[in-house]
Enquirer: 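Can you keep this structure in mind? I'll have questions shortly.
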Amino acid sequence: MLFWRKFEDKLAALYIQQKVRGFLHLYNGQEAVLAGALHAMKENDKMITAYRNHVQPIGLGVDPKRIMAELLGKDTGTSRGLGGSMHIFSPEHNFYGGHGIVGGQIPLGAGLAFADKYFERDGVTLTYFGDGAARQGSLHETFNMAINWKLPVVFICENNGYAMGTSVERTANHDDIWKLGLGYEMPCGPVDGMNPVAVAEAMHEAIERARRGDGPTLLDIKTYRYRGHSMSDAQHYRTKQEVEEYKKIDPISQVLDVIKSKKYASEKQIKEWDQEVKDKVAECQKFAEESPFPDKQLLYDVVYEQEDYPFLKHR
Ligand SMILES: Cc1ncc(C[n+]2csc(CCOP(=O)(O)OP(=O)(O)O)c2C)c(N)n1
Ligand SMILES: [Mg+2]
């Protein structure tokens, strides 16, 4: 979690230097929602999410150097710099993106789960979406089919309280997103998303339900993002005090408190971890900055020669 946090802080700095361009949506504050999931996932399980998607692939084993390179538009990036911030993709690590259309990944996640069931492969698909995406119609069509066909999928609403700036309370008659599962008789419930242990427990239960053939679960994971929706967000919709309140229950601090109180590690060890994380982030930056931009010919290749995806062959 600490590495993901610092990796994203570095991306914010690189954005200000105009080395990362376009959109940039950061995950700071939401790390427990990923850490808990990774704890519960097994080898063939898959993950799909929206555009707040830089750290999930790192958690699944993608080299973070290649993710930073992707954000800088470099040839060594996960999609040779063509995907950019919102479209990290690495199927070989079971990471299926990286989607910019709000709610677009919800049916795709059910589709991945359908394929696993159809081909009788072991595997559960974790389908992430935001509270804003929970208001899209595609969610309802997907829920209906997924529960009807008992697809091996877990629907994870990463409820950080806001869409771009619209609060959950303003977008529906009630603000309990988990209750959207009730109409489909889909197991559902709220989860404390600032606590990685609570997330892991809920994920274990939901993933195992899907794996044994009992179908989907909807988890409404209450979390918070410290930074703006994207880098260009004046944040008029919330107070600084609200952000500070959430920082008091920060997932990384919660884990550090346990480590310290149980004496799992010394202060010296904790400082060493900090340094290791800083060094690793610096290594990613060096790799990304020193990598070349892709050759212009690549644009032609991906537009006109897609049949065998030559541009992906180097992977
Ligand atoms: C179909 C569609 N409508 C609108 C947008 C513009 N848009 C981008 S992000 C966003 C908010 C989504 O919020 P949420 O699902 O809560 O995700 P979060 O950013 O909080 O992680 C909107 C409206 C879009 N990308 N796609
Ligand atoms: Mg949101």
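Atoms within a ligand are numbered from 1 in the order they appear, just like the ligands themselves. Numbering of residues begins at 1 and proceeds along the displayed sequence.
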Enquirer: Ignoring hydrogens and angles, state whether a donor on the side chain of Tyr184 or His140 is under 3.5 Å from an acceptor on the partner side chain.
Expert: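 Their side chains do contain a donor-acceptor pair, which is all the 3.5 Å distance test asks for.
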Enquirer: Find, among atoms of Asp131 that are N, O or S, the one nearest to the Mg ion (ligand 2), and state its name.
Expert: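 When I compare the N, O and S atoms of Asp131, OD1 is nearest to the Mg ion (ligand 2).
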Enquirer: Are Met186 and Phe143 close enough that some pair of their side-chain heavy atoms sits under 4.5 Å apart?
Expert: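 Yes, close enough: below the 4.5 Å cut-off.
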Enquirer: Can a donor-acceptor pair be found, under 3.5 Å and without considering hydrogens, that links the side chain of Gln56 to the backbone of Arg52?
Expert: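 A pair under 3.5 Å: yes.
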Enquirer: Let's go through Trp149 and Phe114 carefully: what are the C-alpha distance in whole Å and the side-chain angles of both, what is the deciding distance for ring pair (Phe, Tyr, Trp, His ring centres under 6.0 Å) to 0.1 Å, and is it a yes or a no?
Expert: CA-CA 8 Å; Trp149 292 344; Phe114 177 80; 5.5 Å; yes
Enquirer: Would a line drawn from the ring center of Phe23 to the ring center of His25 be shorter than 6.0 Å?
Expert: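 Phe23 vs His25: aromatic centres under 6.0 Å.
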Enquirer: Using modelled atom types and a 3.5 Å cut-off, is there a donor and acceptor pairing between side-chain atoms of Tyr15 and backbone atoms of Gly22?
Expert: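 Judged by distance alone, yes, a pair lies under 3.5 Å.
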Enquirer: Near the Mg ion (ligand 2), is there an N/O/S atom from Asn159 that is less than 2.8 Å away?
Expert: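 Of the N, O and S atoms in Asn159, none lies under 2.8 Å from the Mg ion (ligand 2), which means no.
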Enquirer: Got a sec: is Glu158 within less than 2.8 Å of the Mg ion (ligand 2) via an N/O/S atom?
Expert: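 Glu158 does not place any N, O or S atom closer than 2.8 Å to the Mg ion (ligand 2).
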Enquirer: Can you check whether Tyr162 and Tyr237 have ring centres sitting under 6.0 Å from each other?
Expert: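 For Tyr162 and Tyr237, the ring centres are under 6.0 Å apart.
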Enquirer: What is the O(Tyr162)-the Mg ion (ligand 2)-OD1(Asn160) angle, to the nearest 10 degrees?
Expert: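 Reported to 10°, the angle equals 80°.
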Enquirer: Applying the side chain to side chain contact (heavy atoms under 4.5 Å, CB included) criterion to Ile207, which one of Thr125, Val154, Val153 satisfies it?
Expert: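 Filter result, single survivor: Val154.
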Enquirer: Hey, which residues fall under 4.0 Å of ligand 1 on heavy atoms?
Expert: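 The 4.0 Å shell around ligand 1 contains Tyr51, Arg52, Gly100, Ile101, Val102, Gly130, Asp131, Gly132, Ala133, Gln136, Asn160, Tyr162, Ala163, Met164, His229.
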